[in-house]
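Each chain gets a letter, A, B and so on, in the order the sequences are listed, and its residues count up from 1.
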Amino acid sequence: MTTVDSALVRKDFPIFDRLIDDKPIVYLDSANTSQKPRQVIDAMSQFMENSYAPINRSAYQLAAEADVMYEGARAKIARFVNASRPEEIVFTKNATEALNLVVHSWGRANLQAGDVVVLTHMEHHANIVPWHMLVAERGIVLRWVPLTADGQLDLTDLSTLLDGAKAFSFTAMSNVLGTLTPVKLLCDAAHAAGAIAIVDGCQFVPHNVTDVQAWGADFMAFSSHKMCGPSGVGALWGRATLLDAMPPFLGGGNMIADVRLDGFTTAPVPAKFEAGTPPITEVVGFGAAVDYLTDLGMTNVRRHEMDLTGYAITMLTDRYGDDITIHGPTNIEVRGASLSFAFRGIHPHDVSQVLDQQNVCVRAGHHCAKPLMRLLDVTATARASFYIYNDESDADALADALEGASDIFGF
Amino acid sequence: MPGLEDLYREIILDHYRTPRNRGELEPPAVRAEGHNPLCGDEIQVYLDVTDGVVSDIKVAGQGCSISQSSASMMSQAVKGKSLLEVRALVRRFKGMMSVDEADADEAEEAAAAAVKLGDLEALQGVVKFPVRIKCATLAWNTLLQAMSELPATA
């Protein structure tokens, strides 16, 4: 079966030429943010060197070229997630802003005191805090889908939880547990209850084939920087009929059709939601990142990560037995390549500090998911996450470096 | 990259494995809670002050070796000291962590400079790992918060 040749892929990423203290970098923090291939860096440099200009407001040739690049990226990104048309992609600062856009625009227009929104216990703060803000502002009610012991969604009472709900907002992949959720089933359940389905695709989209139409979702938030693109840009995909009916989120230039002393009218979607000068170069880079991943093939990316995750779980468990606890499902069919773990009772910050001596980069902390941390009864975890440029040697380097933590803490 | 021996001194690991003054105090002891928003570590400081002197202090919560050992050593260092002495100690410790406080007057600076840190000197290596400074200062900021919540009569 075709998969990804990570040795070849790695050659595309200049950062892996760098040595720190004469040792290579073992980058296992891609769930946090991914590294950037030469193709993306070059696309952004070339755009700034040759074609940089404002978009959507100037008649000269250079600006027309910039328009084509910017809107071309939108079309590529729309195809990448199988949106029915490019206008359904709204560029935002990041996935967090995309979710805030939904909450503040769709939420304020459609939710009143007592209206129910359903979330899950494995959400990132970005899909919790904006809703809490609406709880405080207008008294909406939040309900929570609980988890099973192995870190999947416990759907036993889903229909009861969704009963009377106006929206169901959930992640397609947990940033902590790596769990993949049954997105189509959840979208169907939301619609059956008369709720809209909002998907946090931030962790899912960089690693899997995404098809928002097959899911039947209504909104999906995702981010460029986790999928080989630059930081500073993300996207909201939304069903055109919903986006058309929503009030604007941020006001300013670019988002208007007309402004008078007594008011304004909005531009059509997506400009309605893109107030001010957008991150033009970053959008071009985002488009180049999508080209890069499309060339690799997202089915291959998923296959590669399943193989690598399976290897890492087996190897770490064989080597460390009960001394290591990997949170989340062990079945690689229902999990992605983010491995949160506890090691010999050593605090994750200390684990991460010791791993850093071998340039093994992992995240330590609460991963912006404090409700989930409380559920796991930990304040923090260490998380190793794999991507297209990682291979088994990186997992081995992690395992070897963990020995150092035992040496120091003597547990 | 600085070596880990600068960070994980034996005395730090000792305080981490066997934290001193661990527990809680009943009211009228003041309770303050500190969070390290970066990593989720949390700490609770219980402070009992009688006649302007720290008569008892307890520390609860969870965190990494640096935050927990710093809290443990802090609790030992402040017990039995007057609030004035404690303020000078906090200033001296935060100074060692390269955290300067803007509002210090000359007398306070002089008092801080004269403070002996004792075991706390072991945490000096933390400065070489800037990300960990917040871990080391968490307990101290929480102590300051507890002191600010003391009733005026304490």
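Rounded to the nearest 0.5 angstrom, B:Tyr8 OH and A:Phe409 CZ are separated by 4.0 Å. Taking CG from B:Asn36 and NE2 from A:His349, the interatomic distance works out to 6.5 Å, rounded to the nearest 0.5 Å.
Contacts between residues 169-180 of chain A and chain B, defined by a heavy-atom separation under 4.5 Å, are made by no residue at all.
Using a 4.5 Å cut-off on side-chain heavy atoms (C-beta onward), A:Asp350 and B:Arg132 make contact. At a threshold of 4.5 Å between non-hydrogen side-chain atoms, the residues B:His35 and A:His366 do not count as touching.
No more than 12 heavy-atom neighbours from other residues, nucleotides or ligands sit within 6.0 angstrom of NZ on A:Lys93. Other residues, nucleotides and ligands contribute only 12 or fewer heavy atoms inside 6.0 Å of the CD atom of B:Glu26. Remark: A:Asp21 CG is packed, more than 12 non-hydrogen atoms of other residues, nucleotides or ligands lying under 6.0 Å away. For B:Lys134, the NZ atom sits in a loose shell: 12 or fewer heavy atoms of surrounding residues, nucleotides or ligands are nearer than 6.0 Å. Within a 6.0 Å sphere centred on CD1 of A:Ile20, heavy atoms belonging to other residues, nucleotides or ligands number more than 12.
Neither the backbone nor the side chain of A:Asp407 comes within contact range of chain B; no heavy atom of the residue lies under 4.5 Å from a heavy atom of that chain. In this structure, the portions of A:Val354 lying under 4.5 Å from any heavy atom of chain B include both its backbone and its side chain.
B:Asp41 and A:His347 form a side-chain donor-acceptor contact under 3.5 Å, judged by distance and modelled atom types alone.
Note: A:Gln353 leads A:His367, A:Lys370, A:Arg363, A:Gln353 in heavy-atom pairs under 4.5 Å with chain B. Per-residue counts of heavy-atom pairs under 4.5 Å with chain A were compared for B:Ser67, B:Gly3, B:Ser65, B:Gly61; the largest is that of B:Ser65.
The two atoms that bring B:Leu4 and A:Ile408 nearest to each other are CD1-CD1, 3.4 Å, heavy atoms only.
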